[in-house]
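See structure below.
Please read all numbers here as calculations on a predicted model, not as lab measurements. As the structure lists them, so they are numbered: ligands from 1, and atoms in each ligand from 1.
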Amino acid sequence: AVQYGVREKDHLIDYDQARSLAKEHRPKILFCGATAYPRIIDFQAFRSIADEVGAILVADIAHISGLVAAGAHPSPVGIADVVTSTTHKTFRGPRGGMIMCKKAHRKAINKAVFPGLQGGPHNQTTAAIAVAAREAATPEFKAYAYKIVENAKALAEELNARGFQLVTGGTDNHLMIIDLTNKGVPGKVAAKALDRAGLVVNSNTVPFDPRTPFDPSGIRIGTPAVTSRGMGTQEMRRVGAWIEIVVAHHEDEATLQRVAAEVKEMCSQFPAPGLPIG
Ligand SMILES: Cc1ncc(COP(=O)(O)O)c(C=O)c1O
């Protein structure tokens, strides 16, 4: 596979590079979609590149499918030939997958799924995905998706104000990537300290990362789970303040425990839906 990337100057997807690589290599399939991209993806731009080289366009919207279903991110449906998604990220369903495609590809995909790749049918998961899809079609879910983005923007703003360097400067979706180089703390060290303080993030590479994927420069944070608990922009500001304290004092166990107690106290005011408090 040939990979395109992001621009060095602003870390946005390099559509020009994608076009020139596509023209050079003439791929049969062009993939778009991301696992750690905080901005809107221009599916139409990828469509025109795919058309220029006669490629099938596949959009993997695993991360953003809940936002797409709610209209909080543009949809690739009707633009891409094939759309794939997991069902357990912003879609907020059980672990699983979905493939949507234009009729021309139906036979090939069905055959590849079964008998090609899949074993027995997991009907209980399929039923749960149907429930998630029904939920995703409700006005409540639409409000939830927009709130995820609002919360992510509030957290990004707070972190920016506290001197954190966000990849692309902020976010348009549910996640942000923080480059911790200027804080002098590797991503893995920060993620472990944050975990001890009750704040769950993952270490993540940043564009053109001089460190390795196993010991990267950044962390990745998302707002879907806290938004499900009913937290809003005020709580995101507190989270931003905690992140600053924990990163600055990542070796100070007493500070981590103090923040953990505050996090627990705030979470107790926003219980996870369906679970008893305690
Ligand atoms: C863009 C994208 N596609 C697919 C997947 C696969 O998800 P999973 O391994 O959780 O099924 C991920 C996981 O992070 C992803 O980010």
Side-chain angles (χ1 to χ4, degrees), residues 1-6 11-15 18 27 29-43 45-47 50 56-70 72-77 79-101 105 109 112-114 116-133 136 145 148-149 152 167-168 171-178 187-188 191 200-207 209 213-214 216 218-228:
V2 175
Q3 291 176 4
Y4 53 87
V6 296
H11 299 161
L12 297 176
I13 292 172
D14 192 339
Y15 296 96
I29 300 178
L30 174 62
F31 271 91
C32 59
T35 190
Y37 187 66
R39 297 296 182 178
I40 300 290
I41 294 172
D42 186 347
F43 297 117
F46 280 112
R47 175 77 267 166
I56 293 168
L57 179 63
V58 179
D60 176 353
I61 58 167
H63 259 264
I64 54 173
S65 53
L67 305 183
V68 167
H73 186 292
S75 174
V77 173
I79 298 173
D81 302 289
V82 180
V83 178
T84 62
S85 180
T86 56
T87 49
H88 47 277
K89 296 182 172 46
T90 54
F91 200 68
R92 206 167 60 170
R95 185 160 198 207
M98 293 190 287
I99 305 174
M100 294 157 272
C101 67
H105 304 293
I109 288 173
V113 171
F114 189 85
L117 294 166
Q118 190 176 274
H122 297 185
N123 291 337
Q124 80 285 13
T125 307
T126 307
I129 292 171
V131 172
I148 288 173
V149 177
V167 170
T168 77
T171 181
D172 295 327
N173 59 22
H174 60 301
L175 64 80
M176 64 211 73
I177 313 290
I178 307 173
K188 232 177 179 172
V200 182
V201 308
N202 75 290
S203 58
N204 213 98
T205 50
V206 301
D209 202 324
F214 298 103
I219 51 174
R220 181 178 65 156
I221 306 180
T223 52
V226 289
T227 307
S228 284

Exercise for the section: Apply side chain to side chain contact (heavy atoms under 4.5 Å, CB included) to A70 and list each qualifying residue two or more places apart in sequence or on a separate chain. Expected result: F141, K142, A145
Completion exercise
By side chain to side chain contact (heavy atoms under 4.5 Å, CB included), S203 pairs with (sequence neighbours left out) K188, A191, P216
Practice task
Look at the side chain of R39 and the backbone N and O of L12, then say whether any donor-acceptor pair between them is shorter than 3.5 Å.
Solution key: no
Handout entry: Lys/Arg-Asp/Glu bridge criterion (N-O < 4.0 Å) met for D42, R47
Key = no
Problem - Test ring-ring contact (aromatic ring centres under 6.0 Å, His included) applied to F46 - qualifying residues, sequence neighbours left out - result: Y4, Y15
Problem - Close side-chain approach of P207 to V167, heavy-atom, < 4.5 Å - result: yes
Practice task
Might you list the protein residues in contact with ligand 1, defined as having a heavy atom under 4.0 Å from one of its atoms, sorted by chain and number?
Solution key: A34, T35, D60, A62, H63, T86, H88, K89, R95
